[in-house]
Amino acid sequence: MAGREDKDILRSSKDLINQLSVVLRTAQIHDPNNVAVVSAVDRLVSIINTLLSQENIITLELRGEFFYLNDYRIRYSLEYLLNFDFLVREFKKRELGSVIFKLRIVPEDIKIFVKVFTESPYSESPFNTFEEKMTGVKSIEIGRLKKVVEEESFDVRKMVKKTYFNAVSYTKGVINKIKAGEKVHLKKAKRVVETMVDQILEEEQLLLGMTAIKDYDEYTYHHSVNVSILSIALGQRLGLSRKMLTDLGMAALFHDIGKMEIPPEVLNKPTNFTDDEWKIIRMHPVWGIKALLKLKKLDDLTVRSAIVSFEHHMNFDLTGYPKLRNPLELDFFSKIVSFADQYDAMTSARVYSRIPMGPDKALSIIMERAGTQLDPLLFKFFINMVGVFPIGTLVMLSTNDLGIVYESNQLFASRPRVMIIVDNKGNKVKGSVVDLTEKNVKGEYIRSITKTLDPNKYKINLAEYLL
Ligand SMILES: [Fe+2]
Ligand SMILES: [Fe+2]
C-alpha cells in the first residue's frame, strides 16, 4: 500500500462508505425524488465512477466489523465513525456481505439499490429478496455475508500479543542497559514504538486491551509500555500524524526512566513511604531529565522525551512536582502522558498499593481531576477512548451473568462487548463474547449492564481472560 495511487484509493474508499450511508440515511427520511436524495445519489455515482476509472472492478466487502475495498481494509476514521457504524449494522441486517460495481453506473442503478435496500429487512430472508430484486441492474452485483472466520481474528490477536510482549521485553533490556551505563541506540526503540503505532491505527481496541494486563513483578516495564500505548491511542484521537505519534510513544515509554535511580529498597518497600522516602521518589522526574540528556545523541526527540519525563507529575494546574519558580505551560506531550500515566498507575497493583482499582473507579477519579490536575479538553478525548466502561471492567449483566468488558463501543458507550466469565448459575465459564447492542426480535436489548463490580472482591485475574 505504498504507492500514491493506493493512498488515493484508500481515501476515496472512505468517501464511498461515507456517501453510501449518506444516501441510505437520506432515503430513509425523504422520498426518492427529494432534492437531498437526488444530489446525494449523484455524488455517490461520481465517487464510484471515479474509482472505476482507476480500478476495473470495485468490490466493497464487509468482513467482521470492517469494510474492505478490493481487499484493502478501510480504516475506521473518526470523522466518518457514525456513518461507518450505520453501514455495518444495516449490511448485517440484510445479510449483505458485498457490493460489487462492475460497470460504470448511472443514478437509476443506485435508486433501485436504495429502494431494495430499504425494503429488504422486512422480508423473511432479506438477502434472497435483495438478490432477486437486483437482477435487473447489470452494473451492480451483491454477495451474501460470510461468517467471519474466527481463525483470522485469532491471528490478529496473536500478533497484537506478540507486539505487546516484545515491547515489554525490549523496555526491560533498554532500562537495564541505561542503568548499567551502556550505550543505547534509540533506533531500535523507534521500531518497537512504530509497530505499536501501526497496530493502534489498525487494531486500537486489541492493543488497548493488552494494557489491562498488569504484571506485579514486572510493573515498571509493563507500566512503561502501557503508558506508551495509552498515549499513542489518545494522540491518535487528537489527530496527530504517524510521525508525531511515534515521538509521543517514545517519550511516554521513557517517562519514568528516572525511577531507576531510586534505591530498590525504597521503590519496592511494601509499607507506606516515610516523608524522606517520598522526597526521594519525587526526585525521579529530575533524574529522568538528566538520564535522557546524558544519552549520546541529543536530537529533538531525546530533548522532548526529557521534557516529558521532567513534567509528567507536574499536573495541568502545576500543583504537582517538581515545583517551579516561574510557572510554565506543560508540553502538549506531557499533558497526554499524564492521563495515560495516572490511569495505568491507578489500575495496576504496585508495591506500595497492592490493590489495583477497577478501571471504572480510576476513570471517575480522573474525571474529578479534569480541569484542575488534568487538562479538561483532553479529558473529553480520553473518556471517549477508554469508554464509560473501560476494557477490563467487571460488570453484572441484566441476565445475571458476570462478565468483563472486552471491547468498547465508540457509538454506544454503555453497550460494549463483554466476555462472560461466570454464568447466571454461578458456574465459571470461559470465552463467549457477547455484544450488548444485540436485540431480540421484539427490538429490545438482550443484555444490559446493571452495575460494575470490584474485581478484587471476586479475585479475578484479568490477564487470564484477556490473553
Ligand atoms: Fe512517574
Ligand atoms: Fe509513571
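We count ligands from 1, going down the list as the structure has it; atoms in each ligand are counted the same way.
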Sorted by chain and number, protein N/O/S atoms nearer to the Fe ion (ligand 1) than 2.8 Å are Asp256 OD1, His284 NE2, His312 NE2, His313 NE2
(Q) One thing to verify: whether Lys93 and Glu90 come together as a salt bridge, which I'm taking to mean a side-chain N less than 4.0 angstrom from a carboxylate O. (A) yes
>> For Lys243, is there an ion pair with Asp247 - N to carboxylate O distance below 4.0 angstrom?
In response: yes
Worksheet item: Is the side chain of Tyr343 donor-acceptor paired with the backbone N or O of Ala362 at a distance under 3.5 Å, no angle test?
Response: no
Rounded to the nearest 0.5 Å, the CD atom of Glu311 sits from the CG atom of Leu324 at a distance of 8.0 Å
Exercise. Before accepting this row, confirm whether a basic side-chain N of the pair Arg63/Asp71 lies closer than 4.0 Å to the acidic partner's carboxylate O.
Key: yes
Establish, for the pair Arg237 and Phe381, whether the NZ or CZ atom is under 6.0 angstrom from the six-membered ring centre and no further than 45 degrees off its axis. no
